[in-house]
Amino acid sequence: MSRPGSSLNETGVKLNGDPGADLSVFTKALTAAESPETRLLSAFKKDTHARKAYLAGREYYSEEGKTFELRLVRRIKQQLSADPTTRPEYPSSLGLTQFTRRATEVALGKSSRAIVENRAFGVQTPGFTAAVRLGAELLRHWYDVGADWCGPVYLSSPCHDSLAGIFQAAGIPNIREYYYWDDKQRGVCLEKLLQDLEKAPERSVVVLSASAHYPTGADLSQNQWAMITKLVMRRRLFPFLLLPAQALCCGDLERDAWPVQYCASQGMELLCAQSFSHCFGLYGEAVGHLLCVLKQNSLLLSVQRQADKIVRSLWAQPSIGGAQVVATVLSNPAHLVEWKQELKSIVERCMLIREVLRERLRLLGTPGCWDHLTQQGGLYCFTGLNGEQVEFLSKRRHVYLLPVGCLNVSAINGRNLDYIAESIHLAVTTSV
C-alpha cells in the first residue's frame, strides 16, 4: 500500500519525484573543522607510549591524575538524593530562584547597590557557553530596537576558539580583536589593549575576562581595570565580563569577582557570564549563569521577559541538579566555609606546581625567562611555546598541549613533573 502523492514502478523507483530524492538533505553540508581539543584527545588515546601526558584537559585533576570531586559536593549530592520531600518538576525557564539569587550575590557582593536598588537579575543557563549565548542574544535584541545593530564585538587576542562562533550564531557577524597577550614580554600588554579599544566605535561590546583568562591565565591588575573602565565609559562601550571559574584563580571569591563589582560600582550596565562547573567540580552538570546589571530598575521586568522569551526558544528550562548543589552550599555559612577551604587547597597545589616547574626548568638551564609561569593564575598556563615546539612535544615526547601552548597545570603531578620539565627543555633547546 503506497502513501498518497507517491507511486512506485515495478522496480521500486519513484515515478513522480526528483531522481535524486533519495539522497540525504545533508549530502552537501559543509564539514566543520575538528576542534583542537577533540583532535588532541583522539591522538592521545591512540598513543601507546608509557609516559604519555595529556595536559589539554578542561577539568581539575588530582595528584593521582583523576578528575577531582569535592568532598562537600559529594555529600550534598547524597543528601539531596535522599531527601524524601524532593519531587521531580520542571524549573522556571529563568532557573532556580535560590540559585540565581546566590549567583548574583557571589558576583556582585550582597551589599552591592545594584542589588539593593533592584537593578540586577540573573538567569540560570546550561553551562558557561549558554550564558555567553544568551547574553549575545539579549544584546542583539536590545540594540535592534533602535537600529539594525550587528556589532562589533571585541574579543581578546587570544581567547577561547568558541567565543566568536557563539556571537555569530546569535546573529552578530562583526567580530574584532583587541590586543591582550604579548609573546615577547609573556604578559598582558595594556598599552596596545587600550589603543585598540580607543578605536572601537561607540556601542561596541567588549568581552573582558574578570579572572582566569583563557587561554593565557594572565589577568589584569586592579589599576589596569580602573584604566580600562574609564576608557569604556568615556567611549560608551558595553562591557561583557567573563567569570568562568570564580575562586579558582586566586583562591578568593571576592578577589576574583572584584572587576565585576568595580564596574557595577561605577554605575555601568554590564553582562557577566558565570560558570560554577569548575569551582564545584560539576563538569557533567553544566551549571552556568548570566548576570545582568541595568542602569534603572524600571527596565528590569522588560529585560527579564525578553530573556524568558529567548530561553524558551533555546533550551526551555535548565537542569536543576547541579544548581541545587550550588545553591545549597552558597546559602549555608558552614558549607560556604568548607567549600572555600577545599578551593584554597586546589589553588595552592596549582601554584606549587607552577613554582616547581619553573625551578626545574631553571635547573635544566632552559633558555628564556620562565617567571610568567608563576605570574599567571588558575588552572591554565600559557607556556609561551610556539607551534613547532608544541608539535615536538606531542610527536617526540608524547606530551599533549593545546596548539597555542596552553596547558592545564593540575594535570602535572609528582609522577610526571620531571618528564614534562625535561620535555619542555628539549622542545626549546632543539628548536633554538
Side-chain angles (χ1 to χ4, degrees), residues 37 57-62 64-83 86 88-92 94-107 122-134 160 162 210-212 214 242-249 251-253 256-257 272-291 311 315 317-332 334-347 349-350 378-380 408-411:
E37 290 91 342
R58 302 298 303 276
E59 302 89 354
Y60 171 77
Y61 297 94
S62 67
E64 292 71 38
K66 306 292 184 182
T67 52
F68 186 71
E69 183 179 25
L70 275 70
R71 293 184 297 274
L72 174 63
V73 170
R74 187 189 309 122
R75 195 166 70 248
I76 296 298
K77 283 183 176 181
Q78 292 171 347
Q79 292 173 359
L80 291 173
S81 63
D83 186 353
T86 302
E89 58 183 16
Y90 283 120
S92 158
L94 299 183
L96 292 178
T97 302
Q98 186 185 27
F99 168 78
T100 57
R101 182 185 299 120
R102 299 307 178 201
T104 298
E105 290 175 350
V106 84
V123 180
Q124 182 190 340
T125 63
F128 182 72
T129 298
V132 178
R133 174 63 185 272
L134 178 58
H160 195 284
S162 67
S211 66
Y214 183 86
L242 305 180
L243 196 56
Q246 189 174 353
L248 272 182
C249 185
D252 185 287
L253 275 174
D256 278 2
C272 178
Q274 299 167 258
S275 173
F276 293 89
S277 296
H278 267 107
C279 52
F280 279 84
L282 297 167
Y283 301 111
E285 307 288 345
V287 187
H289 184 259
L290 179 70
L291 168 66
V311 165
W315 54 77
Q317 296 97 7
S319 59
I320 63 173
Q324 284 181 320
V325 173
V326 174
T328 300
V329 173
L330 296 181
S331 300
N332 185 305
H335 290 338
L336 191 58
V337 170
E338 185 177 348
W339 175 61
K340 287 181 178 180
Q341 289 174 342
E342 285 200 77
L343 289 183
K344 186 178 180 182
S345 66
I346 289 173
V347 172
R349 174 177 173 262
C350 287
L379 292 182
Y380 306 110
N408 182 333
V409 176
S410 70

- Only residue of Leu343, Val287, Leu379 satisfying side-chain contact (heavy atoms from CB on, under 4.5 Å) with His278 is Leu379

- Any chance you could measure Asp252, atom CG, to Lys344, atom NZ, to the nearest 0.5 Å? 9.5 Å

- Message: Hydrogens and angles aside, do Gln317 and Ser92 bring a side-chain donor and acceptor to less than 3.5 Å of each other?
- Response: no

- Query: Would you call the rings of Phe276 and Phe99 parallel, tilted or perpendicular if under 30° counts as parallel and over 60° as perpendicular?
  - Reply: perpendicular

- Item | Pairwise distance CG(Asp256) to SG(Cys249) - rounded to 0.5 angstrom | 5.0 Å

- Does the side chain of Leu72 come within less than 4.5 Å of Glu342's, by heavy atoms? yes

- Query: What is the minimum heavy-atom distance between Ala257 and Val106, and which atoms define it?
  - Reply: CB-O, 4.0 Å

- Side chains of Ile346 and Tyr60: closer than 4.5 Å at any heavy-atom pair? yes

- Can you measure from CD1 (Ile320) to CD (Gln124) and round to the nearest 0.5 angstrom? 8.5 Å

- Decide yes or no for Leu134 and Trp315: does some side-chain heavy atom of the first lie under 4.5 Å from some side-chain heavy atom of the second? yes

- Item | Over all atoms of both residues, closest heavy-atom pair of Ser211 and Leu243 | OG-CD1, 3.5 Å

- Item | Steps toward side-chain contact (heavy atoms from CB on, under 4.5 Å) verdict (Val326, Leu330) | CA-CA 6 Å; Val326 174; Leu330 296 181; 3.6 Å; yes

- Heavy-atom closest pair, residues Leu96 and Ala323: CD1-CB, 3.8 Å

- Query: Any side-chain heavy-atom pair from Trp339 and Gln341 closer than 4.5 angstrom?
  - Reply: no

- Task: Could you pull out the closest heavy-atom pair between Leu253 and Leu336, with the gap in Å?
- Result: CD1-CD1, 4.4 Å

- Query: If you measure from CD on Gln324 to OG on Ser319, what distance do you get to the nearest 0.5 Å?
  - Reply: 9.5 Å

- Side-chain heavy-atom pair Arg58, Tyr214 within 4.5 angstrom cut-off: yes

- Can you find a side-chain donor-acceptor pair between Ser410 and Arg349 that sits under 3.5 Å? no

- Contacts of Thr129 meeting side chain to side chain contact (heavy atoms under 4.5 Å, CB included) (sequence neighbours excluded), chain-then-number -> Ile166

- pair Pro318-Pro91: side-chain heavy atoms closer than 4.5 Å: yes

- Query: For the residue pair Ala107 and Leu291, what are the closest heavy atoms and their distance?
  - Reply: CB-CD2, 3.9 Å

- Measure the spacing between CG of Leu70 and SG of Cys279 and express it to the nearest 0.5 Å. 9.0 Å

- Residue pair Leu94 / Thr100, side-chain heavy-atom distance below 4.5 Å: no

- Please lay out, stage by stage, how Tyr380 and Val409 fare under the test side-chain contact (heavy atoms from CB on, under 4.5 Å). CA-CA 6 Å; Tyr380 306 110; Val409 176; over 6 Å; no

- Message: Between Val329 and Ile76, is the side-chain contact (heavy atoms from CB on, under 4.5 Å) condition met? List the steps.
- Response: CA-CA 8 Å; Val329 173; Ile76 296 298; 4.2 Å; yes

- Item | Where Phe128 and Ser275 come nearest, the two heavy atoms and their spacing | CB-CB, 3.6 Å

- Query: Step by step, would you call Val325 with Leu80 a side-chain contact (heavy atoms from CB on, under 4.5 Å)?
  - Reply: CA-CA 8 Å; Val325 173; Leu80 291 173; 3.9 Å; yes

- Task: Indicate yes or no for a side-chain donor-acceptor contact from Ser331 to the backbone of Thr328 under 3.5 Å, with no hydrogens or angles considered.
- Result: no

- Does the His289 side chain pair with the main chain of Cys272, one donor and one acceptor, at a distance under 3.5 Å? no

- Message: Taking the basic N atoms (NZ, or NE/NH1/NH2) and the acidic carboxylate oxygens, is any pair closer than 4.0 Å for Arg75 and Glu338?
- Response: yes

- Message: Using a strict threshold of under 4.0 Å (side-chain N to carboxylate O), is an ion pair present between Lys77 and Glu285?
- Response: yes

